[in-house]
Amino acid sequence: METGFLPRGRFQELLAVLHRSGYRCLGPQVRDGAIVYAAISVAEDLPRGARDHQAAGHYRIEQTASPRYFGWANGPQALKPLVFAPQEVLWRARRQADGGLELHQEMPPAERLAVIGVRACDLAALALQDRHFLGAAGDDPHYAARRAELFLVAVHCSDPSDVCFCVSTGDGPQASSGFDLALCELDSGFIVESGSDRGAVVAAELKLEAVGADARAAAARQADAARTRQHRSLPGRDLRAVLFANLEHPRWGEVAGRCLACGNCTSVCPTCFCHASVETPALDGGASVHARAWDSCFSQGHSYIHGLTVRSDTRTRYRQWLTHKLGSWHGQFGRSGCVGCGRCISWCPVGIDITEEAAAVCTGAADE
Ligand code: SF4
Ligand code: SF4
């Protein structure tokens, strides 16, 4: 719901309202040559004028004279690490004098977190993570604790990168749900929409101005331009049948010849949720620490089952990743696991492009 206009010079007021409401604010900043979420206290912390240039195996930040804070597409980090920690202790066990075990669940510290600058693709990915971690089998307590305290300030994408294809997956570039507030950034300021009751409370405190006809027209033009500038796409939204009909396609072997099995693609992917359990017992057998850590289709251990590594080569690991992401996710979640953010393309050290690989397997299929 559109609520009003916040002039650029008053952006600090949004941060002040969130801070007063008890939130620690995270926003985009340039660190080590990439956009990442980090703590912000003042608007000047935001990456004014930063633009990202992305291509297969390529990511660079350019500094421009633009007044905009959000004129970039994304960085390697989505919302995933804020709710599903890359590595965390879940519980500890200690042996008692009578031989019994004392178990202690270790929970993350409670913290209200407002994340500013969230993209539409990342909201779609978070909705998928919610389906996994807050699903029918019950809530994952660590995920649920972090998720409940998130306040999400989305910013509609005005400048998708060359690897973005969220139009093709139906997930962007405009944020349509899953946010508390959404901002449309124009040179002069921000059109503010609220998407939840608590978002409406924050918007009301801002005492926003009326949105002018010029601002509304500029926002519509910007949204159209963001959509039309995307040139990558997947060959369809439901590729289950064609992918599973082509499990012996020669392209799997060809891509395996380039793939380093490094797992970068799964680390940056905002929807990948696989993890490994890590037990660290004390040498005397008196205690043990149970942790979980992100895992990947590309690691050898990920398919180790009862003395056997089921996917022993890169060909079958890459095939597992792509056929799960674009195929069997439909059976689990009713849609594909790709939200078109393009991160796996930019951050692949050898520039493997999921849209090219999917097209190669699905169109001109070997056994058609
Ligand atoms: S598969 Fe690639 S493009 Fe799709 S959501 Fe994951 S990182 Fe983004
Ligand atoms: S596709 Fe690229 S990023 Fe993914 S494991 Fe292979 S080399 Fe690494």
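Order of appearance sets the numbers: ligands from 1, and atoms from 1 within every ligand. Positions are given from 1, in the same order as the sequence printed here. Owing to the predicted nature of the structure, the values given are computational and were not obtained by experimental measurement.
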Going by distance alone, is a donor N or O of one side chain under 3.5 Å from an acceptor N or O of the other, for Gln96 and Asp98?
->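 Absent: no donor and acceptor within the cut-off.
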
Would you say the side chains of Ser267 and Asn264 form a donor-acceptor pair under 3.5 Å?
->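 Note: Ser267 and Asn264 side chains miss the donor-acceptor criterion.
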
Considering only the protein, which heavy-atom contact is closest to atom 6 (Fe) of ligand 2, and what is its distance?
->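 Nearest neighbour among protein heavy atoms for atom 6 (Fe) of ligand 2, to 0.1 Å: Cys259 SG, 2.3 Å.
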
Could you check atom 7 (S) of ligand 2 against the protein and tell me its nearest heavy-atom contact, residue, atom and distance included?
->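 Looking only at protein heavy atoms, the one closest to atom 7 (S) of ligand 2 is Leu260 N, 3.2 Å.
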
Has Cys344 got an N, O or S atom lying less than 2.8 Å from atom 8 (Fe) of ligand 1?
-> no

Phe151 and Leu18, any side-chain heavy atoms less than 4.5 Å apart | yes

Which atoms of ligand 1 sit under 4.0 Å from any heavy atom of Phe165?
-> 3 (S)

Are Asp313 and Arg319 close enough for a salt bridge, meaning some N to O gap below 4.0 Å?
-> no

Cationic N near anionic O, under 4.0 Å, Arg335 to Asp171 |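 Yes, this pair counts.
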
For ligand 1, is any non-hydrogen atom under 4.0 Å from Thr169's backbone (N, CA, C, O), its side chain (CB onward), both, or neither?
-> neither

Which ligand 2 atoms does Ala261 reach within 4.0 Å, using its non-hydrogen atoms?
-> 5 (S), 6 (Fe)

Step by step, work out the salt bridge (Lys or Arg N to Asp or Glu O under 4.0 Å) result for Arg8 and Asp187.
-> CA-CA 8 Å; Arg8 179 169 299 282; Asp187 283 354; 5.3 Å; no

Quick check: does Cys348 have an N/O/S atom under 2.8 Å of atom 2 (Fe) of ligand 2?
->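 True for Cys348.
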
Identity of the nearest option to atom 4 (Fe) of ligand 1, non-hydrogen atoms only, from Cys121, Cys269, Cys338 = Cys338

